[in-house]
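Since this is a predicted model, take the numbers as computed values, not measurements. Residue numbers start from 1 in every chain, and the chains themselves are labelled A, B, ... in the order their sequence lines are given, proteins ahead of strands.
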Amino acid sequence: MDRFVAIRLTVNGEPVEARVDARLHLVDFLREQLDLTGSHVGCEHGVCGACTIRVNGEIVRGCLMLAAQCDGAEVWTIEGLTETGEIAALQEAFVARNALQCGFCTPGMLVAAAELLRREPRPSRERIRDWLGGNYCRCTGYHAIVDAVEQAAAALHGAPAE
Amino acid sequence: MTGSPLSEIDRPNSYIGRSVPRPNARRLVAGRGAYVDDLRLPRMAHVAFLRSPHAHARILAIHAEEARRAPGVIRVVTGRELAAHCTPWVGVLHHLKGLKSAPQHAMAVDRACWQGEPVCAVVARSRAEAEDAAALIRVDWEELPAVTDMETALDPATPVIHPDLGDNLAFRREHVGGDPDAAFADPEAVVVEATFHTGRHTGVCLEGRSILADWNPAEERLTVYQSTQAPHMMQTVFARHLGLREGQVRVVCKDVGGSYGIKVHVYPDEVATAALSKMLGRPVKFVADRIEGMVSDIHARDHRLRARAAVRRDGTLLAMEVDDLTGIGPYSVYPRTSAVEGNQVVNLCGGPYVLKGYRAKTTVVFQNKTPTCQYRAVGHPIATAVTEGLVDLAAEAIGMDPAEIRRRNLIPDDAYPCTSLSGMRFEALSHHKCLARLLEMMDYERLRAEQAELRKHGIHRGIGLACFIELTNPSPFMYGIGGARISAMDGATVRLDPDGSLAVASGVTEQGQGTEAILAQIAATAVGVPVERVRVVTGDTEVTPYGGGTWASRGAGIGGEAMLQAGLALKEGILAVAGAMLQARPETLDIRGGVVVDRASGAERLPLEELGRVVYFRGDTLPRDLPRELVATRHWTPKEYPFCFTNGAQASYLEVDVETGFVRLLGHWCVEDCGTVINPMLVEEQIRGGVVQGIGGALFEHCVYSPEGQLLSGSLADYLVPMSGEMPDIHVGHVETPTRESALGAKGAGEAGTAGAPAAVQNAINDALRPFGARVLAQPFTPARILAALGRI
Ligand code: FES
Ligand code: FES
């Protein structure tokens with residue numbers, strides 16, 4: 001059996017063709033072969049969320065998906081989401097509120113938070129905590145992250161409903 | 001020339017005390033960080049380590065032929081082969097009397113002493129190929145008995161891990177202050193006693209330890225990109241153990257994905273990576289994955305403490321006694337040693353209180369588990385859990401409110417300077433102010449009323465208080481006097497460029513705390529320029545002044561003061577030139593907002609970019625003998641006190657489900673006094689992050705071992721870390737008592753959160769359990785332990 005698989009996909013809006021080792025994780029493919037080092041690897045077993053990326057409109061863990069599964073997929077990483085401006089309000093709020101320290105969890109945290117705000121414009125603090133419950137951050141203690149997501153939601157959609 | 005130095009930070013447009021956002025944050029939110037694993041060099045190879053599967057075993061033979069032939073493999077190197085290129089080390093400090101340890105190699109030579117010790121290295125084109133090949137190596141092992149229980153480590157029947165050392169005792173220290181025996185014999189004394197455990201846990205930096213070492217044989221220079229807190233210390237270590245001069249080694253530390261003390265130690269696999277690069281003459285990268293991080297990052301806080309306290313019925317605390325036992329793994333970690341944590345417990349217990357007698361002992365023993373060493377707030381969470389646990393037990397024994405007993409016994413705010421019975425010298429602390437502010441912020445009386453009301457409905461909430469001290473800004477008394485080349489001094493350079501901007505460099509490092517932000521704020525304030533015009537360089541031994549790096553909350557206190565002094569010196573140089581250009585006496589001028597102004601009227605006289613243009617490009621127009629130095633470097637180290645101390649108070653409010661044993665955190669408060677607050681937002685975030693790290697140890701995190709020394713909690717599915725869903729909002733308040741040792745007055749804020757949080761949570765849980773006569777004192781306070789205490793399982 002051939003260990004290598006040919007895939008065609010779009011990554012951050014650009015077409016990509018590659019032959020990938022069948023065992024290669026999506027996040028390793030992005031980091032090692034496409035030099036998209038903004039997605040991070042924190043555990044490689046699906047717990048920490050540092051590798052969170054968007055595939056076909058859904059957020060996934062880049063360490064739990066194989067690159068070979070991405071034939072025909074549309075992949076967005078922190079780099080692309082930054083360039084399109086789609087997550088600018090969140091990024092602004094994270095900087096203003098200092099919702100990051102070392103920044104290693106941040107790309108995954110932003111991709112996950114963006115998905116929440118896409119689905120629910122005005123989440124409560126509890127809902128934000130719950131939604132981000134699969135993204136580990138060792139530095140911040142989460143409080144500032146929750147504040148920043150709240151602030152971004154307010155900036156995008158006005159103050160939360162009572 | 002400008003009055004008292006303190007006025008320099010209170011001047012117009014001062015950035016001290018302002019929540020300025022961090023300049024490097026924008027890059028990180030855009031995914032443009034430069035962590036070690038993001039770096040690629042031409043001809044870069046990757047190393048994977050075969051690690052010992054046994055806690056203690058002799059290596060009889062290593063069969064690596066198949067691995068050597070595997071695809072992509074460049075070299076397979078055994079511990080014995082590596083030892084020819086890399087000398088071993090011994091983690092001792094001379095001032096810790098009696099501390100002993102055995103020589104430790106970068107990879108095990110004859111014998112592995114813990115599960116996870118590196119045994120053989122495979123260098124290959126890719127990490128995946130290196131791991132594939134490592135899996136093909138066969139080792140003939142002879143298993144040896146493993147010493148895992150610290151309680152029996154010193155028993156005559158227990159095998160001695162390093163026979164040359166004679167026994168399994170690494171270090172022992174006993175300290176007596178005042179007259180504890182008389183205090184315990186006081187006829188009015190009520191004595192409470194208990195045994196506390198703090199669970200062995202570890203740092204779990206989201207970014208694994210990582211290093212990219214690049215030996216250039218043509219230049220005979222080693223450049224090491226490393227995720228570290230102490231680049232200059234590592235420069236020394238690589239030079240010393242690879243047979244190089246320090247000047248041949250450059251350590252570059254770009255973005256660091258979390259450290260918390262984990263990345264300030266010398267790790268065998270990292271030194272091996274540097275040695276492999278030198279052997280191969282090409283760059284070699286090593287990044288610890290999660291599971292190898294769990295067995296090879298330092299662990300910490302594996303302590304058992306028997307403790308007692310004497311209190312009079314009127315609430316006067318008389319004495320405390322603590323007998324600490326800690327297991328540190330098979331080696332004392334180099335170069336900071338693994339005796340410091342136990343030593344800190346002796347130094348810190350009882351610290352916030354006026355006592356008549358104090359006795360503390362620590363016994364530090366070897367075992368066949370992952371080595372332990374300094375992790376955020378070294379020893380403080382342990383000492384605080386014991387001290388504050390005893391205070392609550394004393395309050396309970398005499399029927400006094402926990403806030404009241406603290407008020408009666410905390411060192412009065414006007415009693416400073418003073419020295420604790422453990423010999424710690426306090427310059428100025430503010431326990432009473434902090435406690436009062438804490439109780440007000442949390443609305444203590446209201447919470448007590450709510451607690452009583454809910455109890456009637458079968459809802460069991462608890463309130464826990466914890467007062468603490470935190471040791472910061474260590475002088476050479478911490479490591480230097482023990483013979484370690486760990487700088488207690490740090491330097492800062494401030495340079496005015498022709499465009500009127502500042503380029504500044506510092507020996508302290510950034511790992512996300514906001515070091516670079518506060519250095520920019522200080523430089524901007526000292527010189528008088530807008531903070532946006534300051535660029536900061538840290539983390540490169542080639543271009544920054546020499547320094548110790550960032551640990552023990554020293555970045556602001558030591559690095560910050562050096563930056564302040566360098567900025568003031570540069571300002572003096574600028575004003576000398578400006579005086580000549582403007583025909584004015586320098587002392588009549590000032591710099592504000594990047595413009596030289598008339599000091600009295602504030603009238604603008606000369607933009608710095610104009611001064612820069614003239615000095616750099618038209619020096620011919622200036623008086624011939626005018627000094628025109630637009631760079632200043634200053635160094636600073638604490639001299640009057642061996643350590644600075646900060647203090648604070650924390651509170652936890654939580655609910656215990658007595659059916660399931662689950663703890664729900666409802667709120668957490670912390671008031672700390674870190675001296676001058678340079679950036680309130682950054683201080684608060686340091687506190688919050690630290691609190692959650694403390695809560696992690698109190699409730700979830702535990703390195704669990706089998707009796708054979710196998711780590712059973714090696715993945716994040718088994719080793720639980722705090723996630724956002726379980727964490728409460730954390731409310732932070734400040735009290736400011738600046739240190740007078742420095743002009744800046746900053747004491748440091750990195751560890752206060754971690755120091756007090758476990759004690760607050762412990763006391764809150766026990767407060768909730770009090771009506772049941774139940775109590776938990778062994779961290780982590782898991783549902784199973786709580787149910788066991790309740791007698792339900
Ligand atoms: S690296 Fe994918 S979840 Fe941790
Ligand atoms: S900011 Fe460091 S892990 Fe989240």
| field | chain B contact via A/Thr82 - side chain, backbone, both or neither, heavy atoms under 4.5 Å | value | side chain

| note | Most contact-rich option vs chain A, by heavy-atom pairs under 4.5 angstrom, among B/Gly293, B/Ala30, B/Pro21, is B/Ala30

| request: With a 4.5 angstrom heavy-atom cut-off, could you sort out which part of B/Asp255 is near chain A: side chain, backbone, both or neither? | output: neither

| task | Test salt bridge (charged side-chain N to carboxylate O under 4.0 Å, His left out) on A/Asp35 and B/Arg40 and set out the steps. | result | CA-CA 10 Å; A/Asp35 280 338; B/Arg40 287 111 175 73; 3.0 Å; yes

| Closest heavy-atom pair and its distance - A/Cys102, B/Gly257 | SG-C, 3.4 Å

| Atom of A/Gln101, atom of B/Arg22 and distance for their closest heavy-atom approach | O-NH2, 2.9 Å

| field | Residues forming a ring pair (Phe, Tyr, Trp, His ring centres under 6.0 Å) with B/Tyr35, sequence neighbours excluded | value | A/His40, A/Phe104

| task | Measure B/Val691 against the heavy atoms of chain A and call it side chain, backbone, both or neither at under 4.5 Å. | result | neither

| query | What is the minimum heavy-atom distance between A/Asn98 and B/Leu682, and which atoms define it? | reply | ND2-CD2, 3.2 Å

| note | Okay, A/Asn135 and chain B: the region with an atom under 4.5 Å from a heavy atom over there is backbone

| request: Name the member of A/Glu79, A/Glu32, A/Arg23 that forms the most heavy-atom pairs with chain B at distances under 4.5 Å. | output: A/Arg23

| If every non-hydrogen atom of B/Gly203 is compared with every non-hydrogen atom of A/Tyr136, which pair is closest and at what distance? | O-OH, 4.1 Å

| field | Ionic contact status for A/Arg138 with B/Glu701, cut-off 4.0 Å | value | yes

| request: Give the intermediate values and the outcome of side-chain contact (heavy atoms from CB on, under 4.5 Å) for residues A/Glu92 and B/Arg26. | output: CA-CA 8 Å; A/Glu92 199 59 45; B/Arg26 263 181 210 290; 3.4 Å; yes

| said: Within the 4.5 Å heavy-atom criterion, are B/Leu28 and A/Thr106 side-chain neighbours or not? | reply: no

| query | B/Ile695, B/Val287, B/Val204: which one forms the most heavy-atom pairs within less than 4.5 Å of chain A? | reply | B/Val204

Got a list of side-chain donor-acceptor pairs under 3.5 Å for residues 721-734 of chain B, not counting sequence neighbours?
residue: B/Ser724; atom: OG; partner: A/Arg129; partner atom: O; Å: 2.7
residue: B/Ser724; atom: OG; partner: A/Leu132; partner atom: O; Å: 3.3
residue: B/Ser724; atom: OG; partner: A/Gly133; partner atom: N; Å: 3.4
residue: B/Glu726; atom: OE1; partner: B/Met723; partner atom: N; Å: 3.4
residue: B/Asp729; atom: OD1; partner: A/Arg125; partner atom: NH2; Å: 3.0
residue: B/Asp729; atom: OD1; partner: A/Arg129; partner atom: NH2; Å: 2.8
residue: B/Asp729; atom: OD2; partner: A/Arg125; partner atom: NE; Å: 3.0
residue: B/Asp729; atom: OD2; partner: A/Arg125; partner atom: NH2; Å: 3.4
residue: B/His734; atom: ND1; partner: B/Glu672; partner atom: OE2; Å: 2.7
residue: B/His734; atom: NE2; partner: B/Glu684; partner atom: OE2; Å: 2.9

| Which bit of A/Leu100 is near chain B, if near means a heavy-atom gap under 4.5 Å: side chain, backbone, both or neither? | both

| request: Under 4.5 Å, heavy atom to heavy atom: which of residues 511-519 of chain B reach chain A? Give them by number, or say none. | output: B/Gln511, B/Gly512

| What residue in B/Gln686, B/Arg27, B/Gln693 has the most heavy-atom pairs under 4.5 Å with chain A? | B/Gln693

| field | Check ion pair A/Arg31-B/Asp37 (N to O, under 4.0 angstrom) | value | yes

In residues 41-51 of chain A, what donor-acceptor pairs under 3.5 Å come from side-chain atoms, sequence neighbours left out?
residue: A/His45; atom: ND1; partner: A/Cys43; partner atom: O; Å: 3.0
residue: A/His45; atom: NE2; partner: B/Leu716; partner atom: N; Å: 3.1

